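Note that the coordinates shown come from a computational prediction; the quantities given were computed from them, not determined experimentally. Throughout, a chain's letter reflects where its sequence line sits, starting with A, and its residues are numbered from 1.
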Number of protein chains: 2
Amino acid sequence: MPSKLRALPIDIYFPMTLVCITAETEMTERIEISTQQIVERVWLSIAERRLRPGVQLKEEQLASIFDVSRARVRQALVALERDGLVTIIPNRGAFVCQPSVDDAKDVFHVRRCVERRVVERLCEANTKADLTRLRSHVAKERLANEKDMTTDIIKLSGGFHLLLAEIVGSDFLFGTMRDLIARTSLITAVYRNNNRFNCGPDEHAEIVEAIAKGDSEKAIRLMEHHLEHVESELDLNEIRRPSNDLRAALAFSA
Amino acid sequence: MPSKLRALPIDIYFPMTLVCITAETEMTERIEISTQQIVERVWLSIAERRLRPGVQLKEEQLASIFDVSRARVRQALVALERDGLVTIIPNRGAFVCQPSVDDAKDVFHVRRCVERRVVERLCEANTKADLTRLRSHVAKERLANEKDMTTDIIKLSGGFHLLLAEIVGSDFLFGTMRDLIARTSLITAVYRNNNRFNCGPDEHAEIVEAIAKGDSEKAIRLMEHHLEHVESELDLNEIRRPSNDLRAALAFSA
DNA sequence: GAGGGCATTATTGTAGACAATAATATAGGT
DNA sequence: ACCTATATTATTGTCTACAATAATGCCCTC
């Protein structure tokens with residue numbers, strides 16, 4: 001939410017490699033992992049549905065998995081709680097949130113409201129550079145979809161909406177979108193009724209072109225339709241059983 | 001933002017007494033102060049303008065002032081950073097944020113957008129109990145204003161907007177409003193050009209009555225006018241010099 | 001006298017040990 | 001056999017000491 005966030009490229013928020021060992025150094029030499037990186041790794045694991053709602057994130061377990069101190073894990077958990085992805089119960093621990101059906105509707109309602117405004121502002125004012133960024137992003141999404149790279153698909157489809165907010169230029173809106181997308185990921189992870197992750201690149205492409213033409217009315221309609229589409233793919237009855245294999249869930253998917 | 005927040009009464013977020021020693025117990029007996037309480041105390045100090053932007057919040061200093069361990073202070077600082085009130089620079093420390101003029105405009109823009117929607121929804125659906133709560137809140141504001149109780153005025157004037165969001169019933173909106181109000185407090189603390197704190201109770205009362213009548217158009221107009229009024233009282237040129245007397249700033253104002 | 005490098009100091013960051021708490025298993029009584 | 005009280009265990013919460021880092025002041029050189 002603070003300005004420093006927006007200054008960084010989108011990819012920083014969704015890094016793929018986290019515990020990486022450079023080829024030059026010995027295997028024994030380990031790269032320190034930051035709090036933010038722990039947050040993002042858990043974020044991704046939740047979004048990819050490897051970490052199920054209700055699972056307890058035990059501090060010591062996480063500490064040993066990431067090979068950091070418990071203190072840093074604690075910080076990361078506090079941050080995740082603020083993002084609405086985990087719930088911390090005092091003296092009990094941190095658990096992956098189990099968003100209710102009402103929570104889901106709430107999030108989608110706010111998204112409709114906020115993204116409508118985002119698209120509106122974007123139609124009023126946008127540069128060629130903005131459109132280039134958007135189109136290149138959609139192209140990346142297409143590629144990821146074709147190659148069936150799940151991790152990338154998740155990162156990029158959320159990233160599209162984040163990119164829209166970033167281009168608008170409001171730090172606060174950007175932060176809000178970030179929150180909303182994190183929650184949406186959790187919600188789709190819990191309730192989605194098919195194998196598609198979030199939203200497809202085609203609908204994104206249409207929105208971009210509407211923005212390019214400055215057709216505010218059409219862009220808003222497309223965005224609303226797009227969000228309704230995502231919401232409609234949810235099955236709001238099924239409740240899934242959580243598994244507790246943390247290590248497997250946090251492992252690399254590739 | 002999580003649901004448990006909304007369940008609590010508003011006052012929990014703005015407690016007056018923090019380090020309190022009950023009359024029955026010995027003075028030596030000290031009541032443990034929680035992380036949340038540290039957050040709120042700093043929050044209030046910033047809102048009351050006793051803690052100026054740019055001031056460094058040194059961990060050890062805070063720890064000794066509140067008589068808690070540094071670990072707990074650290075947690076509080078992380079939380080405050082999430083609220084956008086302080087900036088943490090690694091290996092340097094935590095500083096009270098210095099919102100730029102652009103930040104200020106950004107926050108007010110989003111507030112106009114969000115609160116417009118809140119009022120709109122409130123006009124569509126509200127119960128007698130809701131209106132009673134709102135009116136009684138405004139009454140409290142009036143009282144605080146008459147008696148010139150600065151701390152209460154700050155708490156309550158922010159609390160009014162928070163209450164609106166709470167009644168709407170969206171957890172996410174509520175969380176967003178909480179963020180916005182925290183930032184607004186900081187902004188008005190830095191840039192306001194007179195001695196009035198935030199917004200007066202009269203404009204709030206008008207808004208409540210418009211909602212009571214279900215006059216959505218008027219309510220929205222009043223809210224927009226109200227926010228413009230608050231914004232217009234800001235002097236966006238003056239830059240004030242920060243002082244470093246932490247202990248005095250965190251002391252009770254009364 | 002000014003600028004740059006070095007030692008000192010202040011502050012944050014980390015780790016590990018300990019205390020407090022809640023969940024679980026166990027034994028005893030009805 | 002089942003419920004309850006107690007002991008055990010697992011987990012979180014907290015504190016203290018130490019390491020790493022950045023800012024400050026000093027001295028030396030040009």
Side-chain angles (χ1 to χ4, degrees), chain A residues 2 4 18-19 28-39 41-42 51 54-82 85-98 242-247 249-250, chain B residues 2 4 18-19 29-42 51 54-82 85-98 242-247 249-250:
Chain A
K4 62 176 169 141
L18 288 156
V19 179
T28 51
E29 202 168 325
R30 186 173 53 81
I31 291 180
E32 267 290 309
I33 185 168
S34 76
T35 306
Q36 186 61 22
Q37 286 175 317
I38 297 173
V39 170
R41 178 107 163 237
V42 176
L51 264 179
V55 172
Q56 179 169 15
L57 299 169
K58 293 177 186 173
E59 296 181 356
E60 212 155 346
Q61 212 172 346
L62 286 173
S64 82
I65 289 173
F66 291 116
D67 201 8
V68 295
S69 72
R70 261 183 60 213
R72 210 180 291 190
V73 171
R74 279 180 79 79
Q75 277 197 318
L77 289 175
V78 170
L80 283 164
E81 188 192 28
R82 178 59 169 63
L85 292 182
V86 308
T87 309
I88 294 176
I89 304 173
N91 289 319
R92 288 284 314 281
F95 303 82
V96 178
C97 269
Q98 295 186 291
S243 116
N244 264 307
D245 189 356
L246 250 192
R247 189 176 294 275
L250 288 167
Chain B
K4 61 175 169 135
L18 289 156
V19 179
E29 203 170 321
R30 187 174 53 80
I31 292 180
E32 266 290 308
I33 183 168
S34 76
T35 305
Q36 187 61 19
Q37 286 175 319
I38 297 174
V39 169
E40 281 153 8
R41 178 106 164 237
V42 176
L51 264 178
V55 171
Q56 179 168 15
L57 299 169
K58 293 177 187 172
E59 296 181 356
E60 210 156 346
Q61 212 172 347
L62 286 173
S64 82
I65 288 173
F66 292 115
D67 202 9
V68 295
S69 72
R70 263 182 57 213
R72 211 179 294 185
V73 171
R74 278 179 82 79
Q75 277 197 317
L77 289 176
V78 170
L80 283 165
E81 188 192 27
R82 294 317 214 109
L85 292 183
V86 308
T87 309
I88 294 176
I89 304 172
N91 288 320
R92 287 284 314 280
F95 303 82
V96 178
C97 269
Q98 295 186 291
S243 113
N244 265 308
D245 189 357
L246 250 192
R247 188 175 294 274
L250 289 167

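Rounded to an integer number of Å, the gap from A:Arg70 CZ to D:dG13 P is 8 Å. Atom CD1 in B:Ile88 sits about 16 Å away from atom P in D:dA22, given to the nearest Å. Atom CZ in B:Phe95 sits roughly 11 Å away from atom C1' in D:dA22 (whole-Å rounding). Nucleotide D:dG13 holds its P atom 14 Å from the CD atom of A:Gln75, rounded to whole Å. Here the P atom of nucleotide C:dT21 and the NZ atom of A:Lys58 are 21 Å apart, to the nearest Å. Atom pair B:Leu77:CG and C:dT11:C1' shows a separation of 13 Å (rounding to whole Å applied). Look at CD on B:Gln56: it is 13 Å from C1' on D:dT21, rounded to the nearest Å. Between the C1' atom of C:dG13 and the CD1 atom of B:Ile89 lies a distance of 15 Å, rounded to the nearest Å.
Heavy-atom minimum distance, A:Ile38 versus A:Ala76: CG2-CB, 3.7 Å. Listed here is the closest heavy atom pair of B:Ser69 and B:Ala63: C-CB, 4.2 Å. Taking every heavy atom of both residues into account, B:Ile88 and B:Leu77 meet most closely at CD1-O, 3.7 Å. Of all heavy-atom pairs between B:Thr87 and B:Cys97, the closest is OG1-SG, 3.0 Å.
Checking C:dT14, D:dT12, D:dC15 against every side-chain atom of B:Arg72, the shortest atom distance belongs to D:dC15. You'll find that the side chain of A:Glu59 is closest to D:dG13, out of C:dT12, D:dG13, D:dT11. The nucleotide whose nearest atom lies closest to any side-chain atom of B:Ser69 is, among D:dA22, D:dT14, C:dA22, D:dT14.
Using a 4.0 Å cut-off, some side-chain N or O of B:Arg74 falls inside it from OP1 or OP2 of C:dG13. Contact check, A:Gln61 against D:dT11: no side-chain N or O comes under 4.0 Å of OP1 or OP2.
Each of A:Asn91 and B:Ala94 was matched to the nucleotide of DNA chain C holding its nearest heavy atom; the match closer to the 5' end belongs to B:Ala94.
No donor-acceptor contact under 3.5 Å links the side chain of A:Arg92 to the base of D:dG13.
Distance CZ/A:Arg70 to CG/A:Leu62: 11.0 Å, rounded to 0.5 Å.
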